[in-house]
Student: 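Before anything else, here's the structure in question.
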Amino acid sequence: GKWSVDFNSVPPVPTGQASTTADVTVVAHDKAGNNSTTAKQTITVQNSALPSAAPTFDPVAKDDIVNKDEAGSVNISGTAAPNATLQVTIGSRPAQPVTADGQGKWVIEGVNMSGIPDGKYIMSATATAPGGTTSAPTNHEFTVDKTPPSLTITGRQNAETITPEEAKQGVVTFSGTTEAGSTLKATWNGKPIDISNVRGLGLWTVKAPATEIPPAPANGTAKTALVVTSTDKAGNTAETTLNVTIQGAPAVTRQTTVNG
């Protein structure tokens with residue numbers, strides 16, 4: 001009285017589901033034509049596909065730091081299984097769907113982060129390959145830093161003035177501070193000039209040699225400027241200009257005595 005049956009096909013598992021169910025019913029007929037009661041059993045059809053591969057994120061803005069210039073339009077990209085459907089969440093924003101191409105590449109273009117405060121943020125993404133189940137989430141951290149570095153000129157008293165005595169000393173030194181780790185550039189009298197930078201402390205120094213100090217006429221003045229630019233690790237830039245006046249030496253007067 002034992003029996004068995006082989007099925008050539010089973011109901012397909014819907015995309016994104018791990019399994020589905022199907023009902024198997026059996027009715028027996030004897031030689032006299034009598035029918036048995038119907039036997040019914042529910043079976044589970046499992047998805048034979050491998051679980052979807054977890055997606056990956058590319059570095060945001062190339063270095064995972066979004067600066068002021070980049071914040072207006074940021075591309076979020078990565079990889080997943082070819083033609084997978086992803087749900088990507090950026091910080092507290094609602095999840096955004098995106099589909100990977102045939103090579104598994106995906107991108108969300110032009111995300112505006114101008115209104116996001118400076119700080120660290122987490123992105124999360126899941127991927128569902130065609131016919132597969134949803135992957136485990138992948139998290140990725142990035143930083144928003146839109147604040148330019150601090151930049152000051154300090155050190156010399158009356159830094160905006162060079163006296164005749166200072167000009168004769170051969171070198172006039174300017175110094176200041178900026179955000180630690182920043183990169184600095186400087187121009188003096190419109191030309192690039194070396195700037196020393198103690199990055200760990202944010203201290204900088206510029207030494208203007210006498211040969212680069214514009215000469216001032218006697219009893220007159222000459223003008224020049226020191227321009228310092230600081231770029232922080234995020235790529236934000238600050239610039240400050242010190243307009244400098246060079247004082248000329250007093251004119252030498254000769255007194256002639258005429259004896260009559």
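Treat the numbers as computed from the prediction; the structure is a model and nothing was measured.
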Student: I would like to know whether Arg93 and Val111 meet side chain to side chain contact (heavy atoms under 4.5 Å, CB included); could you show each step before the answer?
Tutor: CA-CA 11 Å; Arg93 298 183 177 189; Val111 178; 3.2 Å; yes

Student: Would you check if there is a donor-acceptor pair between the side chains of Thr56 and Thr79 at a distance under 3.5 Å?
Tutor: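 A pair is found: one side chain offers a donor N or O, the other an acceptor, under 3.5 Å apart.
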
Student: Tell me whether the rings of Phe57 and Trp106 are parallel (<30°), tilted (30 to 60°) or perpendicular (>60°).
Tutor: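 Ring orientation, 0 to 90° scale: perpendicular.
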
Student: Identify the two heavy atoms, one from Gly72 and one from Ser114, that lie closest to each other, and give their separation to 0.1 Å.
Tutor: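 Shortest heavy-atom contact: CA-OG, 3.4 Å.
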
Student: Is a donor on one side and an acceptor on the other found under 3.5 Å between the side chain of Thr21 and the backbone of Ile43?
Tutor: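 Looks like no, no N/O pair under 3.5 Å.
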
Student: What verdict does the side chain to side chain contact (heavy atoms under 4.5 Å, CB included) test give for Val244 and Leu242, after you've listed the backbone C-alpha separation in whole Å, the side-chain angles of each residue and the deciding distance to 0.1 Å?
Tutor: CA-CA 6 Å; Val244 179; Leu242 178 67; 4.0 Å; yes

Student: How long is the span from the CD1 atom in Ile213 to the NZ atom in Lys168, to the nearest 0.5 Å?
Tutor: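 The NZ atom of Lys168 is 12.5 Å from CD1 of Ile213, to the nearest 0.5 Å.
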
Student: Are a donor atom and an acceptor atom from the side chains of Thr183 and Thr231 found within less than 3.5 Å of each other?
Tutor: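 There is no such pair (donor and acceptor under 3.5 Å, judged by atom type) between the side chains of Thr183 and Thr231.
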
Student: What closest approach, in Å, do Thr221 and Gln247 show between heavy atoms, and which atom pair accounts for it?
Tutor: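 Looks like CG2-CA, 4.4 Å.
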
Student: Would you say the side chains of Ser124 and Asn139 form a donor-acceptor pair under 3.5 Å?
Tutor: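 The criterion, which ignores hydrogens and geometry beyond distance, is satisfied for Asn139 and Ser124.
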
Student: Is it the case that the side chain of Asn197 and the backbone of Ser182 share a donor-acceptor pair, with hydrogens and angles ignored and the cut-off at 3.5 Å?
Tutor: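 Flag set: sc Asn197 to bb Ser182 pair under 3.5 Å.
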
Student: If you look at every heavy atom in Glu109 and Asn75, which pair is closest and at what distance?
Tutor: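 Heavy atoms only, the tightest pair is CA-OD1, 3.1 Å.
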
Student: Does Ser135 use its side chain to pair, donor to acceptor, with the backbone of Ala127 at less than 3.5 Å?
Tutor: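 Here the side-chain-to-backbone pair exists.
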
Student: Can you confirm whether the side chains of Thr205 and Ser175 place a donor and an acceptor under 3.5 Å from each other?
Tutor: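 Judged by distance alone, the side chains do not pair up.
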
Student: Could you list the residues that satisfy side-chain hydrogen bond (donor to acceptor under 3.5 Å, both in side chains) with Glu212, not counting sequence neighbours?
Tutor: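 Counting only residues at least two positions away or on another chain, Glu212 forms a side-chain hydrogen bond (donor to acceptor under 3.5 Å, both in side chains) with Lys191.
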
Student: I want to check something: taking the side chain as every heavy atom from C-beta on, are Val228 and Phe174 in contact at a cut-off of under 4.5 Å?
Tutor: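 They are not in side-chain contact.
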
Student: Just by distance, with hydrogens left out, do Thr245 and Lys223 show a side-chain donor and acceptor under 3.5 Å apart?
Tutor: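 Their side chains do contain a donor-acceptor pair, which is all the 3.5 Å distance test asks for.
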
Student: Which atom pair, heavy atoms only, marks the closest approach of Thr126 to Thr134?
Tutor: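 Closest approach of Thr126 to Thr134, heavy atoms only: CB-CG2, 3.8 Å.
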
Student: Between Thr138 (side chain) and Ala54 (backbone), is there a donor-acceptor pair under 3.5 Å?
Tutor: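 The answer is no, because no donor-acceptor pair under 3.5 Å joins these two groups.
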
Student: Measure the spacing between CG of Asp63 and NZ of Lys233 and express it to the nearest 0.5 Å.
Tutor: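 Output value for this atom pair is 12.0 Å.
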
Student: Any sub-3.5 Å donor-acceptor pair from Asn236's side-chain atoms to Asp145's backbone N or O?
Tutor: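 Yes, the answer is positive, given that a donor and an acceptor are paired below the 3.5 Å cut-off.
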
Student: Which value, rounded to the nearest 0.5 Å, describes the distance between Asp30 atom CG and Asn35 atom CG?
Tutor: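 One finds 8.0 Å between CG of Asp30 and CG of Asn35.
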
Student: In this structure, are over 12 heavy atoms from other groups packed under 6.0 Å from Lys146 atom NZ?
Tutor: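 Count over threshold, so yes.
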
Student: Between Asn83 and Gly104 (side chain of the first, backbone of the second, donor and acceptor by atom type, cut-off under 3.5 Å), is there such a pair?
Tutor: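 Between the backbone of Gly104 and the side chain of Asn83 there is no qualifying donor-acceptor contact (under 3.5 Å).
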
Student: Side chain to side chain contact (heavy atoms under 4.5 Å, CB included) for Gln41 and Val26? Distances and angles first, verdict last.
Tutor: CA-CA 9 Å; Gln41 183 176 354; Val26 178; over 6 Å; no

Student: Do you know the tightest heavy-atom contact between Ala100 and Leu86?
Tutor: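 Scanning both residues, the minimum pair turns out to be N-CD1, 4.0 Å.
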
Student: Rounded to the nearest 0.5 Å, what separates atom CG in Asp64 from atom CE in Met123?
Tutor: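 Rounded to the nearest 0.5 Å, the CG-CE separation comes to 7.0 Å.
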
Student: Any chance CG of Asp194 has more than 12 other-residue heavy atoms, nucleotides or ligands included, within less than 6.0 Å?
Tutor: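 Result for CG/Asp194: open.
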
Student: Specify the closest pair of heavy atoms between Ala238 and Leu151, including all atoms of both residues, with the distance to one decimal.
Tutor: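 Shortest heavy-atom separation between Ala238 and Leu151 comes out as O-CD2, 3.7 Å.
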
Student: In Å, rounded to the nearest 0.5 Å, how long is the span from OG1 of Thr240 to CD1 of Ile153?
Tutor: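 Output value for this atom pair is 4.5 Å.
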
Student: Is a donor on one side and an acceptor on the other found under 3.5 Å between the side chain of Ser52 and the backbone of Ala129?
Tutor: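 Flag set: sc Ser52 to bb Ala129 pair under 3.5 Å.
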
Student: Between Tyr121 and Met113, is there a shared hydrophobic cluster once you connect ILVMFWY residues whose side-chain heavy atoms come closer than 4.5 Å?
Tutor: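 Same cluster.
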
Student: Is Ile116 reachable from Ile108 through a run of hydrophobic residues whose side-chain heavy atoms are each under 4.5 Å from the next?
Tutor: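 Linked, Ile108 and Ile116 end up in one cluster.
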
Student: List the residues meeting side-chain hydrogen bond (donor to acceptor under 3.5 Å, both in side chains) with Lys120, not counting sequence neighbours, and say none if there are none.
Tutor: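 So Lys120 forms a side-chain hydrogen bond (donor to acceptor under 3.5 Å, both in side chains) with Thr143.
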
